[in-house]
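Both counts, for ligands and for their atoms, begin at 1 and track the order of listing.
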Amino acid sequence: RRTFVTTALGGAAALAMPGIRRAEAASFNYKYANNLQLSHPLNIRAKEAADAIAEETGGDMKIQIFPSSQLGGDTETLSQLRAGAVEFFTLSGLILSTLVPVTAINGVGFAFPDYGTVWKAMDGELGAHVRGEISKYGILAMEKIWDNGFRQTTSRSKPIETPADLEGFKIRVPVSPLWTSMYEAFGAAPTSINFSEVYTSLQTGVVEGQENPLAILQTAKLYEVQKYCSMTNHMWDGFWFLANQERWEALPEDIRNVVAKHLNAAAVKERADVEALNASLAETLQEEGMAFNSPEAGPFREKLRSAKFYETWQEKFGPTAWGLLEQAVGKLA
Ligand code: X2X
């Protein structure tokens, strides 16, 4: 029973009002899928939110979490979300761009210098513009984007020190045109692979390297199959917390408010967790045997410029979205 309804009405009043009584008895079991391990802050904070939501709705709203791509890889889970077979899904904006092109915009190489700039843009006009576009596809994005982090480059064979080290480099990238385009601009050999298959691909040598934030190297144990970690900080990536719009609207408004409140609050906590982890994990990963180096960003950025990467994507994203990005981070192209 939803105590926040019954306390206002009292038991007897609720019994006398069949409409409200019916709403009170309704309960919802929704699925939430994601691609990360249970130990990642995203899953820890999502679980806390799900518990708080169940409690505040008196058990009427249950969210069951399916971590580690249990329901399928990202591209497949996106289809399930659209069909309503999965109600909630956290997905990188870059991968969501296979459906909603503008959502890749935060991944433009070397666009964000630091977290302050990221949150100002993503909680501000750029994020609002992106969420508006997502809503045209039958999907609702919660207001607060969750942090994946600044991405670093790993390899089993060599450290990446200059753009020349990326030439011909067999690197796994998530399924997303922006990622492929960026590594093609570097002259690398990118292969699109869903995260669910990354560990095995690295282990068997299908690819030589990959790129991900430190929190993922640690929680997905990628240090077991990679030797070098180059702190390239080449893009900032985040997870939109998505809901199937129809399934979302099937929830009574008071439940929707409780869900949104707890999920957005959890996102803010998760951001702090990931930022702290990404600052401290280099040491842990070195103890696991990884060798770190910190290349200068300048030459990588220059390489993207001379390959016309920025001009190409400015044109693809269009003046509104690109203008909002540059308003947040300064001139790129
Ligand atoms: O697939 C990845 O590399 C990951 C986990 O970082 C994303 O979801 C984009």
Check: What is the closest protein heavy atom to atom 8 (O) of ligand 1, and at what distance does it sit?
Finding: Asn35 ND2, 2.8 Å
Next item on the list: Would you please say whether a donor-acceptor pair under 3.5 Å links the side chains of Tyr137 and Gln245?
Entry: no
Notebook entry, point to check: Considering only heavy atoms of Phe239, which atoms of ligand 1 have at least one such atom less than 4.0 Å away?
Noted result: 8 (O)
Next item on the list: Indicate yes or no for a side-chain donor-acceptor contact from Ser155 to the backbone of Ser157 under 3.5 Å, with no hydrogens or angles considered.
Entry: yes
Note to self: Rounded at 0.5 Å granularity, tell me how far CD1 in Ile160 sits from CG in Leu166.
What the structure shows: 5.0 Å
Next item on the list: Heavy-atom contacts with Ile216 under 4.0 Å: which atoms of ligand 1 show up? List them by number with element.
Entry: 5 (C), 6 (O)
Check: Do Ser230 and Thr153 have a side chain donor and acceptor closer than 3.5 Å?
Finding: no
Notebook entry, point to check: N/O of Arg151 under 3.5 Å from N/O of ligand 1, yes or no?
Noted result: yes
Margin query: Quick test of your reading of the model: are Arg45 and Glu48 salt-bridged, counting only N-O distances below 4.0 Å?
Written below: yes
Next item on the list: Tell me which protein heavy atom sits closest to atom 9 (C) of ligand 1, plus the residue, atom name and distance to 0.1 Å.
Entry: Asp237 OD2, 3.4 Å
Item checked: Note: Lys261-Glu56 ion pair, threshold 4.0 Å (strictly below) -> yes
Next item on the list: Provide, to 0.1 Å, the distance between atom 6 (O) of ligand 1 and the closest protein heavy atom, together with that atom's residue and name.
Entry: Asn212 OD1, 2.6 Å
Check: Should Asn148 be counted as touching ligand 1, given the test is an N or O pair under 3.5 Å?
Finding: yes
Notebook entry, point to check: Under a 4.0 Å heavy-atom limit, does Val198 contact ligand 1 with its side chain, its backbone, both, or neither?
Noted result: neither
Checklist line | Test: Glu326 and Lys331 ion pair at under 4.0 Å | finding: yes
Check: Non-hydrogen atoms of Arg172 versus ligand 1: any pair closer than 4.0 Å?
Finding: yes
